[in-house]
Amino acid sequence: MAKTKIHPTALVDASARLADDVEIGPYAIVEADVEIGQGTVLRPHSMVRRFTTMGEGNYVDSFVVLGGEPQDYKFDRESATFLRIGNKNTFREGVTISRATTPGGATTVGNNTFWMANSHAGHDCTIYDNVILANGGNLAGHCTIGRGAILPANGNVHQFVWIGEKVMFQGCAQVSMHVPPFVMCAQDNNVITLNAIGLRRSPEISDEDRKQIKEAFNLTYRSNLPPAQALEKMNACTDWGEAAGKFRQFIHEAINAEKPFHRGLCPHLSRIGARR
């Protein structure tokens, strides 16, 4: 088994639990109560803060700070809160992810995510597998980002917002409302169309799934029905498969969410234009 490689200038707390083949570069810092899995690499000047757990095969580039204290006035610095990271994630230069703000709570990152330079996730976020955050993208606290979503360069997601599976954002877009699965977003709170290319490239999404997702999208965004009435129409489609069912379930949860998650459903660009 490969031996752990710790550069002489790195600072690693004696309580940190490191797998045998972890590599820690010059001037990197690993604080107390940290666990790092096999094959993980910490590049020079990176930092893994207290109460952070990382799985296997993660890559942490220079000037990354994982598990930093939440940027929350109410946070008690003596409380034990956590950052839990899965396997095979890439954190490029300058990425920051905060641990949770509520005692016992956790910010969580799944597997195979890719964080480009200077992207950030705030406290209590949940980021599922295969998510990509482009350069400078920011997630405020308590966001949930669905599997395979692609977040915008220099864009923002408001706190308590849910982003569905395989959502794709154009650069600099920002949202303060919930975004259902499989759509594309642009500008400010604008759903513009389905993420057709992403759906075609997904081996688990069949032609029939795409047809049903389009039906769900049209009911939500092109029928001129209020979301609750569109949901009633979707509930009548008892033959829909899992993919369209995810869209329908997201709409149900978004329009029935309670505060502070009662953010509303991100509207379609055409409806915004009509109101103007």
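These numbers come from a predicted model, not from an experiment.
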Kindly work out whether a path of hydrophobic side-chain contacts (I/L/V/M/F/W/Y, heavy atoms less than 4.5 Å apart) joins [X] to [Y].
{"X": "Ile205", "Y": "Met234", "answer": "yes"}
{"X": "Val34", "Y": "Phe51", "answer": "no"}
{"X": "Met168", "Y": "Ile132", "answer": "yes"}
{"X": "Leu42", "Y": "Val65", "answer": "no"}
{"X": "Val179", "Y": "Phe160", "answer": "yes"}

Please check: side-chain N/O of [X] versus main-chain N/O of [Y], any donor-acceptor pairing under 3.5 Å?
{"X": "Arg263", "Y": "Val161", "answer": "no"}
{"X": "Thr40", "Y": "Gly55", "answer": "yes"}
{"X": "Glu31", "Y": "Arg49", "answer": "no"}
{"X": "Asp76", "Y": "Lys74", "answer": "no"}
{"X": "Asp20", "Y": "Gln38", "answer": "no"}
{"X": "Asp21", "Y": "Gly39", "answer": "yes"}
{"X": "Asn190", "Y": "Ile192", "answer": "no"}

- Message: If you apply the rule side chain to side chain contact (heavy atoms under 4.5 Å, CB included), what do you find for Lys88 with Glu56, and how did you get there?
- Response: CA-CA 6 Å; Lys88 298 182 179 179; Glu56 300 179 357; over 6 Å; no
- Task: Please list, chain by chain and in numerical order, all residues satisfying salt bridge (Lys or Arg N to Asp or Glu O under 4.0 Å) with Asp207, sequence neighbours excluded.
- Result: Arg210
[atom2] on [Y] to [atom1] on [X], rounded to 0.5 Å:
{"X": "Ser62", "Y": "Met47", "atom1": "OG", "atom2": "CE", "answer": "12.5 Å"}
{"X": "Cys185", "Y": "Ile150", "atom1": "SG", "atom2": "CD1", "answer": "12.5 Å"}
{"X": "Thr101", "Y": "Phe75", "atom1": "OG1", "atom2": "CZ", "answer": "6.0 Å"}
{"X": "Leu139", "Y": "Ile127", "atom1": "CG", "atom2": "CD1", "answer": "5.5 Å"}
{"X": "Lys166", "Y": "Asn195", "atom1": "NZ", "atom2": "CG", "answer": "8.5 Å"}
{"X": "Thr220", "Y": "Ile251", "atom1": "OG1", "atom2": "CD1", "answer": "4.5 Å"}

Closest non-hydrogen atom pair, [X] against [Y]:
{"X": "Pro152", "Y": "Cys172", "value": "CB-N, 3.9 Å"}
{"X": "Val22", "Y": "Gly37", "value": "CG2-O, 3.3 Å"}
{"X": "Thr4", "Y": "Ala19", "value": "OG1-O, 2.8 Å"}
{"X": "Gly164", "Y": "Ala149", "value": "O-CB, 3.9 Å"}
{"X": "Ala10", "Y": "Gly25", "value": "CB-O, 3.6 Å"}
{"X": "Ala134", "Y": "Ala153", "value": "CB-N, 3.4 Å"}

Contact between [X] and [Y] at the side-chain level, heavy atoms closer than 4.5 Å - yes or no?
{"X": "Trp240", "Y": "Glu215", "value": "yes"}
{"X": "Glu232", "Y": "Leu225", "value": "no"}
{"X": "Glu242", "Y": "Asp209", "value": "no"}
{"X": "Phe114", "Y": "Arg92", "value": "yes"}
{"X": "Leu265", "Y": "Pro267", "value": "no"}
{"X": "Ile6", "Y": "Leu18", "value": "yes"}
{"X": "Tyr221", "Y": "Thr193", "value": "no"}
{"X": "Arg248", "Y": "Leu231", "value": "yes"}

- Step-by-step side chain to side chain donor-acceptor pair (under 3.5 Å) determination, Ser176 to Asn189: CA-CA 7 Å; Ser176 59; Asn189 284 328; 2.9 Å; yes
Using residues 106-113 as the side-chain source, report each donor-acceptor pair under 3.5 Å to any protein atom, sequence neighbours left out, with the distance given to one decimal.
| unit_1 | atom_1 | unit_2 | atom_2 | d |
| --- | --- | --- | --- | --- |
| Thr107 | OG1 | Ser98 | O | 2.8 |
| Thr107 | OG1 | Ala100 | N | 3.4 |
| Thr107 | OG1 | Asp124 | N | 2.8 |
| Asn111 | OD1 | Asn87 | N | 2.7 |
| Thr113 | OG1 | Asn89 | OD1 | 2.5 |
| Thr113 | OG1 | Trp115 | NE1 | 2.8 |

Under 6.0 Å from the [atom1] atom of [X], do we count more than 12 heavy atoms belonging to anything else shown?
{"X": "Gln71", "atom1": "CD", "result": "no"}
{"X": "Tyr27", "atom1": "OH", "result": "no"}
{"X": "His262", "atom1": "NE2", "result": "no"}
{"X": "Tyr128", "atom1": "OH", "result": "no"}

- Message: Parallel, tilted or perpendicular, judged at 30° and 60°: which one describes the rings of His142 and Phe261?
- Response: perpendicular
- Task: Using the six-membered ring wherever Trp is involved, compare the ring planes of Trp162 and Phe250 and label them parallel, tilted or perpendicular (cut-offs 30° and 60°).
- Result: perpendicular
- Query: How about Thr96 and His120: does a side-chain donor come under 3.5 Å of a side-chain acceptor?
  - Reply: yes
- Check the pair Thr53, Phe82 against side chain to side chain contact (heavy atoms under 4.5 Å, CB included), reporting the backbone distance first and the verdict last. CA-CA 8 Å; Thr53 300; Phe82 304 93; over 6 Å; no
- Quick one: do Leu151 and Val131 satisfy side chain to side chain contact (heavy atoms under 4.5 Å, CB included)? Show the steps, please. CA-CA 8 Å; Leu151 280 297; Val131 167; 4.0 Å; yes
- Please determine if Arg17 and Glu35 form a salt bridge, counting it only when a charged side-chain N lies under 4.0 Å from a carboxylate O. yes
- Message: Whether Lys5 and Glu23 form a salt bridge (side-chain N of Lys/Arg under 4.0 Å from carboxylate O of Asp/Glu) is what I want to check.
- Response: no
- Item | Any pair counted as salt bridge (charged side-chain N to carboxylate O under 4.0 Å, His left out), so long as it reaches residues 147-159, sequence neighbours left out | Arg147-Glu165, Arg147-Glu204
- Evaluate the criterion side chain to side chain contact (heavy atoms under 4.5 Å, CB included) for residue pair His123 and Thr81; output intermediate values, then yes/no. CA-CA 10 Å; His123 59 81; Thr81 69; over 6 Å; no
